[in-house]
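This one's a predicted model, so the numbers in the text were calculated from it and none came from an experiment. The figures that follow rest on heavy atoms only: side chains count, while hydrogens, waters and symmetry mates do not.
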Amino acid sequence: MKKIIIIVAILLSGCAKVSDYQDSCEQRYKKLSDVANCLDISVKNDSRMASASTPKLYVLAAKMLGQGVDNGQITDAQARVQLQSLYVQMQNSERAQQIAQSQAFQQALLNYQAVNTMQAIEQKARQPVLTQPYPTRVDTYTNCNSGFGNTVTCNSSSNIR
């Protein structure tokens, strides 16, 4: 189980994220609308992200906010705060989904182990019970009494269990 989680983490860490593309675009462009267009192109060129709804929504929000800045409806700082807030919300939602998937996977493994355990118990219960043809324990008691002279009388009894 831990190996699977480690492998998934390694695979995910090797993939580019929207924030990586955004950082790259922000280094090249100053206007938010230009950053949004650069981000759009970067996401479309990433086959993994091109079909995912979350990156698409983020790019659309960036474009809309960039247009708002260009039209004077919102300041650049306000638009960037809103965009960053949306990014944080999306990240939190994604983490919650990953945790839920991980928990579901762990529960499935536990269920599988429980079924295997129950099958093993049931299989053992179906096996015939072997009885030993000889007693497992014999208790022997001996009682000796000395009489007159050199006379000794002994009685023995055995109890088979």
N/O donor-acceptor pair under 3.5 Å between [X] side chain and [Y] backbone:
{"X": "D46", "Y": "R48", "answer": "yes"}
{"X": "S102", "Y": "Q98", "answer": "no"}
{"X": "N37", "Y": "S33", "answer": "yes"}
{"X": "Q103", "Y": "A100", "answer": "no"}

Are M64 and L57 connected into the same hydrophobic cluster when the rule is that any two of I, L, V, M, F, W, Y join if their side-chain heavy atoms are below 4.5 Å apart? no
Taking a hydrophobic cluster as the set of Ile, Leu, Val, Met, Phe, Trp and Tyr residues connected by side-chain heavy atoms closer than 4.5 Å, whether directly or through intermediates, do V35 and V81 fall within one such cluster? no
Nearest heavy-atom neighbours spanning [X] and [Y]:
{"X": "V59", "Y": "L39", "value": "CG2-CG, 3.9 Å"}
{"X": "L65", "Y": "A79", "value": "CD1-O, 3.4 Å"}
{"X": "V69", "Y": "L32", "value": "CG2-CD2, 4.3 Å"}

Any [X] side-chain heavy atom under 4.5 Å of [Y] side chain:
{"X": "D76", "Y": "K31", "value": "no"}
{"X": "I121", "Y": "T117", "value": "yes"}
{"X": "V43", "Y": "Y58", "value": "no"}
{"X": "Q113", "Y": "N116", "value": "no"}
{"X": "R28", "Y": "C38", "value": "yes"}

Could you check K44 against D40 for salt bridge (Lys or Arg N to Asp or Glu O under 4.0 Å), going step by step and ending with a plain yes or no? CA-CA 6 Å; K44 284 180 180 175; D40 186 27; 3.4 Å; yes
Candidates R126, Q119, M118 - the one meeting side-chain contact (heavy atoms from CB on, under 4.5 Å) with E122: R126
Kindly indicate, with the supporting measurements, whether the criterion side-chain hydrogen bond (donor to acceptor under 3.5 Å, both in side chains) is fulfilled by Q101 and Q97. CA-CA 6 Å; Q101 287 173 345; Q97 287 174 347; 6.0 Å; no
Where do R80 and T75 land on the side-chain contact (heavy atoms from CB on, under 4.5 Å) test, with the steps shown first? CA-CA 9 Å; R80 290 179 188 268; T75 67; over 6 Å; no
Please table the atom pairs, donor to acceptor, closer than 3.5 Å between any side-chain atom in residues 84-92 and protein atoms at least two apart or in another chain.
{"unit_1": "Y87", "atom_1": "OH", "unit_2": "S19", "atom_2": "OG", "d": "3.2"}
{"unit_1": "N92", "atom_1": "OD1", "unit_2": "R95", "atom_2": "NH1", "d": "3.0"}
{"unit_1": "N92", "atom_1": "ND2", "unit_2": "V88", "atom_2": "O", "d": "3.4"}

Does any donor atom in the side chain of Q107 or N111 lie under 3.5 Å from an acceptor atom in the other side chain? yes
Q78 versus Q82, side-chain donor and acceptor atoms under 3.5 Å: no
Distance, nearest 0.5 Å, that separates [atom1] of [X] from [atom2] of [Y]:
{"X": "L60", "Y": "S53", "atom1": "CG", "atom2": "OG", "answer": "11.0 Å"}
{"X": "S42", "Y": "M49", "atom1": "OG", "atom2": "CE", "answer": "9.5 Å"}
{"X": "N45", "Y": "Y21", "atom1": "CG", "atom2": "OH", "answer": "8.0 Å"}

For E94, what residues pass the salt bridge (Lys or Arg N to Asp or Glu O under 4.0 Å) criterion, not counting sequence neighbours? none
